Each structure stands twice: as structure tokens, then as C-alpha cells.
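Worksheet for the structure shown next.
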Protein chains: 2
Amino acid sequence: MKIKNLPENTLHRLVIYLNVLESMERKKIESISSEDLARRCGVNPAQLRKDLSYVGNLGTKGVGYSVKSLKFSLKKFLGRTEEWNLVLGGLSPLGEFLLNNRDIQKEGFYFMAAFDTREENIGKVINGVSIYNLDQISYVTKAIRVDMAIITSEDKPEEYLEAFLSQKIKAILNLTSTPLFTEDQDIKIENFSFPMALTKLSFFLKNSR
Amino acid sequence: MKIKNLPENTLHRLVIYLNVLESMERKKIESISSEDLARRCGVNPAQLRKDLSYVGNLGTKGVGYSVKSLKFSLKKFLGRTEEWNLVLGGLSPLGEFLLNNRDIQKEGFYFMAAFDTREENIGKVINGVSIYNLDQISYVTKAIRVDMAIITSEDKPEEYLEAFLSQKIKAILNLTSTPLFTEDQDIKIENFSFPMALTKLSFFLKNSR
DNA sequence: AAGTGTGAACTTTTTCACAGCT
DNA sequence: AGCTGTGAAAAAGTTCACACTT
């Protein structure tokens, strides 16, 4: 049980464990051993136990883990018992899809506002979320707490990033095809795009024939 | 210059380098040093050079790298000079979004068919792609080459996975909230979901206050 | 008897530092 | 003179193996 900084790969795996446990709970599985859960998560059982030891002493020796309570411990540890306020950067097709998507809200992530730079989009309301001009961002951040931003504008992703960082938003999910980085260790940027994910698969296929 | 198995993190970074180079090319930057590119990619310059050494001798000592030719070498190495045939598993909102999305095709990934299990969806055509019943998959794989599958059905993701594996599809992008795994080393599964990505951010925020 | 939690051993990855090419 | 490519050193991450608890 440590409070030190978690390796990035451990964080990644903890998120996987949480989601696999949620799927097991839906299947009414009540308890599980590290061996069994590890197999379902594609990892070594010792690795799973070591990862969980960052979170706490969660199991019972000689018995295993309760699915429900392990899931709750992970959820708490990962900050997922709280609710988080999001803003969207860029009313792209993907951005519009996300605003209309219920799954993200269901998990406790709420879009509070969206930003765009094209005059014709400003003032629109999509699924209850208003679209503002990016220059007006400070008015929005004055009025509401913003925890995270999702950038989906393929056009000028850096411009959105700058605007969000200027408002002291510290967590960014960048879904454009241009990966974004910052030196600042106080800020976390996650980069993902569909073509990037598919590229890992194309490399795999190319090398397995 | 090795042909050995590439570490997963190196693959991840190579994909980032490729995308950052493409963005630099759009900005008309013609050449770059490892130090400069590394900073734009959030890595150590030695790491960047070591990563690139898996691909080949790509730079010029005392000078640096040509953006255009480094980009091309990476593209080739990652299998992105080829075209790849996709199928979709599950006509979910995200699935429908992907079928309608031009960006994925533009990168050389082509949807050839989509599958669903709900009778009312079978026979529909979305953006030129026909929806088939999942039980009929073998007819489709007999007629066309399928390289990769994208699973977006939150309902029974495992069912789609099984069907795709039974058809010897070796590369899967799973976009549902249930991570999927297989023992089989011949098969590569990439797992991603928006809530999982946001969870990494929520952990970061929870621990930075 | 069974399965967790964890130091210790091992493996892999990252960073350093410099020889060598342009 | 400057920057790459890479062995060697350092750091980090993974797996083993077993003491310990139920």
C-alpha cells in the first residue's frame, strides 16, 4: 500500500481491471481469484496482485477478491466515484457525436459547454449543451468549474489546447490526429485517434505474414 | 536496424512520431533534429533515436532528419503504405459514426461490411456499406479479404469477437467498455473506450490536489 | 488447503555518453 | 562543429517464490 506515483502502465491496467470487473458484475459473478481475473485481463497473476497493492489490501488470503468490493475500491482510487465537468473543443462530427452520446454522462462525465471558432456554430445548442466562441472561454470558466477538456477539432487543435491551458484546465483528452504535448508536469494530456489505433494493428498484420 | 520484436511502447511512440511528422509536414517544416522532434513528442532525444534505430538508419550525422523521408520510412515500417479492409461489429451509434466518417478511409482503412444481430438493421446500407447478420459472416469472409474488425456493440462484444476470430481475423479494435483479450499470440486486440481514457484523467486530477 | 501480499531476482526499458560520420 | 547511432550504465518494471492469513 503506497501513495507514491503510480507507473503509467499500472494505471492503464487498473482501468482495465475496473472495466472487466464491471462486466463480471453484470454477469453476476461475485468473487474471483487473482489467477482468474488476471487471465481475463491478459496479465500475469503476480502483476495483478502487485498492481492492486498500490490501491490497498483488497483481497482475503486463501480466498480471493469480492468482485463488488474490489470494483468499488478501484473506482474510488481512480476518482470515478466523483463527477467531472467537461468542455468540448471543436464541433467536429466526432465532437457532435460525443455531445449526443449518453454513455459518457452515465459514467459521471458531464459536458458543460462546447467551443468552436466558426461563427455559424456559435449559439447552437446540442443535446442541452451550448456552443460558445472559443475567444469567450474565460466567461464560461468564470461561471462554472471545468475539470477536463476534449479536443476534436482537426483544424487547429493547438489553438484549443492553448485556450484550455490558459484557463488552467489540467486534463485534456485529445482525439485529433495531431498528438499534443506539454512540458508542464501539472497537466495531463491523453492522445487517441482511430487511425493511430488502427496503425498499431496494421504494423502487427504486416509483421505476421 | 533490427527485425526483432518491437516493444509495445516503442510501437506506440513510433505511431506518435509519424503523426507529429505529418503535422509538421503540413506546416512546411522540412528538416528536424532528434532533440527538436523529441520535444514535440514529449520524449527524451536518446529515446527517440533508439526507437528510430529499430526502423533503420534514417538520419544524417551532424545534420538531422528530413521530415518527408522520415515520415515515409515510418509509414512504410508501420504498414501504412498499404490499404486495409475493415469490418464493423455492431451498428451502435459509434459504429454508425465510424461508417460515415471519412477520415478513416482517407488513411487507407476501408469498411467492406458491417454486422449486427438485430433483424431490423440487416440489409440496410450506410454510406455504401451493407449491414449483414452476424451469423452470415462466413459468406462475407468467403467473398472478400478482411484484415481487421472494429467492435462497437456494447451489447454482446464477446459474441462479435468469437465470430471474428472464427473467421481468422487477426486484428481487432475493441471500442466497447468491456476490454477483450485472447491467449493467442497470433491475434492482436486493441482496447479503447472514451470512459476508460477519461478515467486516466480523473485519476490524475484526484491526485493533483 | 488455498490464495494473497511482497521482498528479492530477474528482465526490460530508458538514459547516458561518446565514437564516428557529414 | 554538429548531430546521429549505439554500446554500456542506470532505472524501472515484471515475475518468482514463499511467508502468512483465513
Side-chain angles (χ1 to χ4, degrees), chain A residues 1-17 21 24 29-74 77 181 183 185 200, chain B residues 1-17 21 24 29-74 77 181 183 185 200:
Chain A
M1 201 196 295
K2 299 153 204 167
I3 322 153
K4 297 194 311 180
N5 49 118
L6 202 67
E8 187 61 30
N9 286 351
T10 296
L11 172 58
H12 183 82
R13 287 189 300 265
L14 290 176
V15 174
I16 287 172
Y17 305 153
L21 287 164
M24 293 179 66
I29 299 168
E30 292 189 350
S31 74
I32 191 146
S33 66
S34 64
E35 192 180 326
D36 208 358
L37 181 56
R39 199 183 41 255
R40 288 168 189 263
C41 297
V43 301
N44 176 299
Q47 167 122 261
L48 168 66
R49 295 199 300 274
K50 180 85 65 173
D51 287 341
L52 294 182
S53 77
Y54 284 97
V55 182
N57 284 21
L58 307 174
T60 309
K61 294 187 182 189
V63 178
Y65 302 87
S66 145
V67 170
K68 195 177 162 199
S69 84
L70 181 54
K71 186 206 77 171
F72 181 76
S73 301
L74 283 174
F77 183 77
F181 299 91
E183 324 272 70
Q185 291 298 113
K200 292 185 188 179
Chain B
M1 201 197 293
K2 298 153 205 169
I3 321 149
K4 297 193 312 179
N5 50 119
L6 201 68
E8 187 60 31
N9 285 351
T10 297
L11 172 58
H12 182 83
R13 288 189 299 264
L14 289 177
V15 174
I16 287 172
Y17 305 153
L21 286 165
M24 291 177 67
I29 299 168
E30 292 188 353
S31 73
I32 191 148
S33 66
S34 64
E35 191 179 327
D36 208 358
L37 181 55
R39 197 182 44 255
R40 288 169 189 260
C41 297
V43 301
N44 176 300
Q47 168 124 258
L48 169 67
R49 295 198 301 273
K50 180 81 72 175
D51 287 340
L52 293 182
S53 77
Y54 284 97
V55 181
N57 285 21
L58 307 175
T60 307
K61 296 187 181 189
V63 177
Y65 303 88
S66 145
V67 170
K68 193 175 163 204
S69 82
L70 182 54
K71 187 207 77 171
F72 181 77
S73 301
L74 283 174
F77 183 77
F181 299 91
E183 323 275 69
Q185 293 297 114
K200 293 186 187 177

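This is a predicted model, so every value here is computed, not measured. Per chain, numbering begins at 1; letters A, B, ... match sequence-line order. What you see below is based on every heavy atom in this structure, not just the backbone, and it leaves out hydrogens, waters and symmetry mates.
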Is any side-chain nitrogen or oxygen of B/R49 closer than 4.0 Å to OP1 or OP2 of C/dT14?
no

Between A/V43 and A/G62, which has a closest nucleotide on DNA chain D that is more 5'?
A/V43

Out of C/dT4, D/dT6, D/dG13, whichever nucleotide has its closest atom nearest the side chain of A/K61:
C/dT4

Under 4.0 angstrom between B/N44 side-chain N/O and C/dT13 OP1 or OP2:
no

When B/G59 and A/T10 are each assigned the nearest nucleotide of DNA chain D, the 5'-most assignment goes to B/G59

Between B/K68 and B/E30, is there a side-chain heavy-atom distance shorter than 4.5 Å?
no

Round to a whole Å and report the spacing from CG of A/D36 to C1' of C/dT4.
15 Å

Does D/dT4 have OP1 or OP2 sitting under 4.0 Å from an N or O in the side chain of B/S34?
yes

When you measure from the side-chain N and O atoms of A/S53 to the phosphate of C/dG5, is any distance below 4.0 Å, counting only OP1 and OP2?
no

Just the rounded figure in Å: distance from C1' of D/dC3 to CZ of B/R39.
15 Å

When every non-hydrogen atom of A/S34 is compared with those of A/R49, the smallest separation belongs to OG-NH1, 3.0 Å

One should read off an interatomic distance between A/Y17 OH and A/Y65 OH, to the nearest 0.5 angstrom, of 10.0 Å

Minimal heavy-atom distance between A/V67 and A/L21, with the atoms involved, is CG1-O, 3.7 Å

Which heavy atom of B/F181 sits nearest to which heavy atom of A/R40, and what is that distance?
CD1-O, 3.0 Å

What integer distance in Å separates B/L48:CG from C/dC16:P?
14 Å

Length of the line joining A/Y65:OH and C/dA2:C1', which is rounded to integer Å:
13 Å

Tell me if the side-chain of A/K50 makes a donor-acceptor pair with the base of D/dT15, cut-off 3.5 Å, by modelled atom types.
yes

Atom-to-atom span, CG of B/D51 to C1' of C/dT12 - whole angstrom
14 Å

B/Y54 side-chain N/O to D/dT6 phosphate OP1/OP2 under 4.0 Å:
no

How would you label the contact of B/L52 with the nucleic acid (heavy atoms, under 4.0 Å): base, sugar-phosphate, or nothing?
nothing

Whole angstrom is fine here: how far is it from CD in B/Q47 over to P in D/dG5?
15 Å

Separation of atom CD in A/E35 from atom P in D/dC16, rounded to whole Å
12 Å

Taken to the nearest whole Å, CG/B/L14 to P/C/dT13 is 13 Å

